[in-house]
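Numbers for residues simply follow the sequence, beginning at 1.
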Amino acid sequence: MTDLPILFVMAAQPEYGPALRARIQPLMTGIGPIEAAVQLTAALARMDRLPRLIVSLGSAGSARLAQTEVYQVGAVAWRDMDASALGFARGCTPLLDLPRVIDLPHRIPGLPVASLSTGADIVSGPAYAAIEEDMVDMETFAHLRAAQNFGVPLIGLRGISDGAADLGGMDDWTRYLQVIDGKLAAAVDLLHKALAQGRLVL
């Protein structure tokens, strides 16, 4: 383990299983980009001492990645933003000097890397055809923007809970969360090990 102050951030209790409970006490921000941005920003603003690192973790959907496996976010996009009628590229916020896809440079050795699209919609079935990134979630981009506002680096960890078949309800999302919980916990262990060994420098 390391004494480096890390803030772990998750969206919802169903993703927070016994393996993670034995390791971390995350800030729960709620589901979706609005709640994610509001709650994380409010929490950081109240802190006397900011964390050195924020880790956004939880589940994600993907029609192309292995179900139940955990990936670290190499780059993240915001699929909700569309100001193309004003001449801006889809995914780019007008008058904000950020690319459509934002790279996350800090990587945990030994974990596969994938790109992520954040949005307020649940992606299922044919909707994946419109997504350029490898996986989808509803919070990471919002967590990243809050972290950037306070000058804190962010790492994203996502376990693939769904996407191989159309979603038919809550059971389709939660079915593999227990398996993902164990694999996210193992990823957290890798993070601490990499920091302690100096293989991940912030």
Side-chain angles (χ1 to χ4, degrees), residues 6-47 51 53-63 65-73 76-80 104 108 111 114-125 127-128 131 133-147 150 152 154-189 191:
I6 301 172
L7 176 62
F8 292 93
V9 185
M10 301 186 74
Q13 290 289 336
E15 299 174 315
Y16 185 40
L20 284 173
R21 289 176 190 274
R23 290 165 170 80
I24 63 171
Q25 292 183 310
L27 169 69
M28 291 291 179
T29 62
I31 294 174
I34 299 284
E35 295 306 312
V38 168
Q39 298 302 326
L40 179 53
T41 297
L44 291 170
R46 290 192 297 264
M47 292 180 182
L53 174 67
I54 295 171
V55 179
S56 173
L57 69 166
S59 63
S62 179
L65 298 178
Q67 305 289 288
T68 77
E69 292 303 316
V70 168
Y71 298 85
Q72 58 185 321
V73 180
V76 61
W78 184 21
R79 64 180 177 272
D80 293 340
L104 299 186
I108 304 169
L111 280 181
S115 58
L116 176 69
S117 169
T118 292
D121 59 323
I122 299 290
V123 179
S124 179
Y128 276 106
I131 306 294
E133 288 69 39
D134 299 316
M135 51 186 177
V136 297
D137 83 339
M138 302 177 76
E139 294 84 27
T140 300
F141 186 90
H143 288 159
L144 173 63
R145 292 296 292 124
F150 287 86
V152 181
L154 180 137
I155 285 176
L157 298 173
R158 292 287 151 179
I160 307 302
S161 58
D162 55 85
D166 292 0
L167 284 168
M170 281 286 287
D171 288 346
D172 290 343
W173 169 48
T174 59
R175 179 175 296 126
Y176 299 118
L177 292 185
Q178 185 173 0
V179 176
I180 290 169
D181 171 59
K183 293 183 178 182
L184 282 172
V188 168
D189 290 343
L191 167 65

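Side chains of Leu144 and Thr118 form no contact here, defined as non-hydrogen atoms less than 4.5 Å apart. When side chains are defined from C-beta on, Trp173 does not count as touching Ile122, because their heavy atoms never get closer than 4.5 Å. At least one side-chain heavy atom of Tyr71 sits under 4.5 Å from a side-chain heavy atom of Leu65. Looking at heavy atoms from C-beta onward, Arg79 lies in side-chain contact with Val123 at the 4.5 angstrom threshold. Counting only heavy atoms from C-beta outward, the side chains of Val73 and Met135 approach each other to under 4.5 Å. Side-chain contact between Leu104 and Ile155 is absent, with no heavy-atom pair separated by less than 4.5 Å.
Atom-to-atom distance recorded for Leu7:CG and Ile54:CD1 is 5.5 Å, nearest 0.5 angstrom.
Checking side-chain atoms of Asp166 against main-chain N and O of Ser124 turns up no donor-acceptor pair under 3.5 Å.
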Using atom types as modelled, flag every donor-acceptor pair under 3.5 Å from a side chain in residues 24-42 to any protein atom, sequence neighbours excluded.
| residue | atom | partner | partner atom | Å |
| --- | --- | --- | --- | --- |
| Thr29 | OG1 | Met10 | O | 3.4 |
| Thr29 | OG1 | His143 | NE2 | 3.1 |
| Thr41 | OG1 | Ala37 | O | 2.7 |

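Under the 3.5 Å distance criterion, with hydrogens and angles disregarded, no donor-acceptor pair is assigned to the side chains of Arg175 and Ser161.
With sequence neighbours left out, the ring-ring contact (aromatic ring centres under 6.0 Å, His included) criterion links Phe141 to Trp78.
Residue pairs meeting the side-chain hydrogen bond (donor to acceptor under 3.5 Å, both in side chains) criterion with at least one partner in residues 176-187, sequence neighbours excluded, are Thr68-Lys183, Glu69-Lys183.
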